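The structure appears right after this line, and notes come after that.
Numbers restart at 1 for each chain; the letters A, B, ... are given by sequence-line order, proteins then strands. Predicted model, so just to flag it, every value in this text is computed and none were measured. Every heavy atom of this structure was used, including side-chain atoms; hydrogens, water molecules and symmetry mates were not.
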Protein chains: 2
Amino acid sequence: MAQQANENTVLIEALFDIFRNHGYEGTTISLLSEGTGLQKSSLYHHFPAGKEDMLKAVVVYVSMQVHKHIITPLLDTQEKPEKRFSNMIATIKAFYSDGRKNCLLNVLNLGEAKAEIKELQNYDYNAWLNALIQLGKEVGMSLQEATEWSERFLIVVEGALVIQRLTGNKLTFEKQMEYEKNQFQQFLNQ
Amino acid sequence: MAQQANENTVLIEALFDIFRNHGYEGTTISLLSEGTGLQKSSLYHHFPAGKEDMLKAVVVYVSMQVHKHIITPLLDTQEKPEKRFSNMIATIKAFYSDGRKNCLLNVLNLGEAKAEIKELQNYDYNAWLNALIQLGKEVGMSLQEATEWSERFLIVVEGALVIQRLTGNKLTFEKQMEYEKNQFQQFLNQ
DNA sequence: GACAATGTAACGAACGTTCGGTAATATGTC
DNA sequence: GACATATTACCGAACGTTCGTTACATTGTC
C-alpha cells in the first residue's frame, strides 16, 4: 500500500542507497535493517506490504526528486537553455555521485511482476526524454533532431554508468557528461 | 574449479540465457534446473563448486565467443575496415537478439566477491575496446580520437540495452547501431 | 564391472514475513 | 499542569518457505 506522502525522507534514502547498490534480488531485509538502523519488524511497520512496498516507496521518492530537480528546471523557460542543460548535468552528476552510484533503472532487473514499478520508471523516463526534446526544439532542433539527441543522451548516461561500474574508471561518467555539454554548446554556437 | 574446455556447449548456453535474464542473485538453482532440463544434483556433478562456478563457466564461454566472433574478426586486416565494423554490428545484434537480450556485464551486479569473474569481464571489455581503437587508428583517427570513439561506442551499446529493456521499444538498440555504422561510414568518406 | 551421468531425497542456513509486546509520543479530559 | 488514553514507533523471537548444497541410489555406456 502507498505510504503517506511524507514518509520519513532519511529512511527512504537509506533504502534507496541499498537497492541501487544491490538490486532487488540482491537486497535482503537484513541488509535493509542494517542500512536503516531499524529492526526488520520495524521496517514492516512502515511498509506492511513488505520488500516490494519498500522498493515502490523508493521509486516513488526518486520519481518526485527527478521531477523536482531535473524535469521542472529543464522546462523553466525563464532560464537560458544553455544554463538549464548544464544545471541538469550538475544535478545528475551529484545524483550518481560522479558515476560511483548506480541508476535504479539499470540495477532493477524486474521480471514480469512489479509491473507497477516498471511503469512508473518508464513514465519518468518519458517525462525526462520529453523535457529534453522540448529543450532541443527550443534551441532550434527539428523534432527528429531533438528526439534523437535526447534519446542518445539518456542512453549515454545509462551506458556510462554501466561501463564505469565495470572498469572502475572514476572519470568515465564525468567525461561523457562534459562531452555532452560541449556538443550542446557547439550546437548553440553554430 | 574450471571446467574442461569442451564442457557441453548446449548446457552452458542454457545457463547463460538464465543468468542474463535474471542476474546472479535472481538466478536460483531451481531455475537453472528447469532451464537446462537437469536435476539440481546433476548440475552439481558438472559444476562441483556450485552456482558461482556455473556463472564462471558461462563468463568464460562468453569470453571465448567474444574473442572468436568479435575481437579476432575486428583485427583481421585482410578485410576492409568498413566491412569489419559492419560485421561486428551484425554479430552483436544477433548476440543481443536486437536488444531483446541483456548483457551479462549489465545484469551482474557483483559485489566485492566474485572478483575473478569481474576481472575476466573487465579484461574482455578492454580487449574489445583496444580492438576498436586499433580499427579507428587504422582508418586514420588519432589515438585520442580512436579512444574516445571506441569508449563511446561501447557505452552506447550498453546504454541502448538498458533503455530498450526499460521502454520495451524494440528498435532502440537497432537504431543506435545503424547510427554508429553511419557515423563510421561518414568518417571514412571525409 | 567400471565409471560417468542422472535422479531422489534430504540437509542446514538464510530468506521474507508475522506475531506479541514494549517504548515513545500525541491526544483528550479534568 | 496532571493523568489516563490512544496512537505511533520500535523490537525480539519465531514462522513457513526457499535457498544452495550434499549423500546416496539408480541408470546408461563402453
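- Regarding His45(A), its NE2 atom lies at a distance of 12 Å from the C1' atom of dT25(C), rounded to whole Å.
- Atom CD of Glu34(B) is separated from atom C1' of dG7(C) by 16 Å (rounded to the nearest Å).
- Spacing between atom CG of Leu38(B) and atom P of dA5(C) amounts to 11 Å, rounded to whole angstrom units.
- Grouping Ile, Leu, Val, Met, Phe, Trp and Tyr residues whose side-chain heavy atoms lie under 4.5 Å apart, directly or via other members, leaves Leu171(A) alone, with no other cluster members.
- In the helix from dG1(C)-dC30(D) to dC30(C)-dG1(D), the end axes, each obtained as the rotation axis mapping the C1' atoms of four pairs onto the next four within a five-pair block, lie 20° apart to the nearest 10 degrees.
- The salt bridge (charged side-chain N to carboxylate O under 4.0 Å, His left out) check on Lys101(B) picks up Asp17(B), with sequence neighbours excluded.
- Nucleotide dC19(D) holds its C1' atom 15 Å from the CG atom of Leu43(B), rounded to whole Å.
- Listed by chain and number, the residues in a salt bridge (charged side-chain N to carboxylate O under 4.0 Å, His left out) with Lys181(B) are Glu178(B) (sequence neighbours excluded).
- For the ring pair (Phe, Tyr, Trp, His ring centres under 6.0 Å) test, no residue two or more places apart in sequence or in another chain qualifies with Trp128(B).
- Taking atom CD on Gln39(B) and atom C1' on dC24(D), their separation rounds to 15 Å, with Å as the unit.
- Remark: Ser42(A) is in phosphate contact with dC11(D), judged by side-chain N or O atoms under 4.0 Å from OP1 or OP2.
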Below 3.5 Å between N/O atoms, which protein atoms pair up with nucleotides 25-29 of chain D? Just atom names and distances, please.
none

Checklist entry - Reading nucleotides 12-18 of chain C 5' to 3', which nucleotides get B (base under 4.0 Å from a protein heavy atom), which S (sugar-phosphate only), which -? => result ---SSBB
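- Shown here are the salt bridge (charged side-chain N to carboxylate O under 4.0 Å, His left out) partners of Arg20(B), two or more places apart in sequence or in another chain: there are none.
- Residues Met177(B) and Val157(B) are in side-chain contact: their nearest non-hydrogen atoms beyond the backbone lie under 4.5 Å apart.
- Taking only side-chain nitrogens and oxygens, His46(A) never comes nearer than 4.0 Å to OP1 or OP2 of dT8(D).
- Under the rule for a side-chain hydrogen bond (donor to acceptor under 3.5 Å, both in side chains), the partners of Tyr61(B) that lie at least two apart in sequence or sit in another chain are Glu13(B).
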Side chains of residues 183-190 of chain B: which donor-acceptor partners sit under 3.5 Å, not counting sequence neighbours?
| unit_1 | atom_1 | unit_2 | atom_2 | d |
| --- | --- | --- | --- | --- |
| Gln185(B) | NE2 | Asn189(B) | OD1 | 3.4 |
| Asn189(B) | ND2 | Gln185(B) | O | 3.4 |

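- We find that Glu180(B) and Lys93(B) are not joined by a salt bridge, their nearest charged nitrogen and carboxylate oxygen being 4.0 Å or further apart.
- Applying the salt bridge (charged side-chain N to carboxylate O under 4.0 Å, His left out) rule to Glu148(B) yields no partners; only residues at least two apart in sequence or on another chain are considered.
- Listed by chain and number, the residues in a side-chain hydrogen bond (donor to acceptor under 3.5 Å, both in side chains) with Asn122(B) are Asn126(B) (sequence neighbours excluded).
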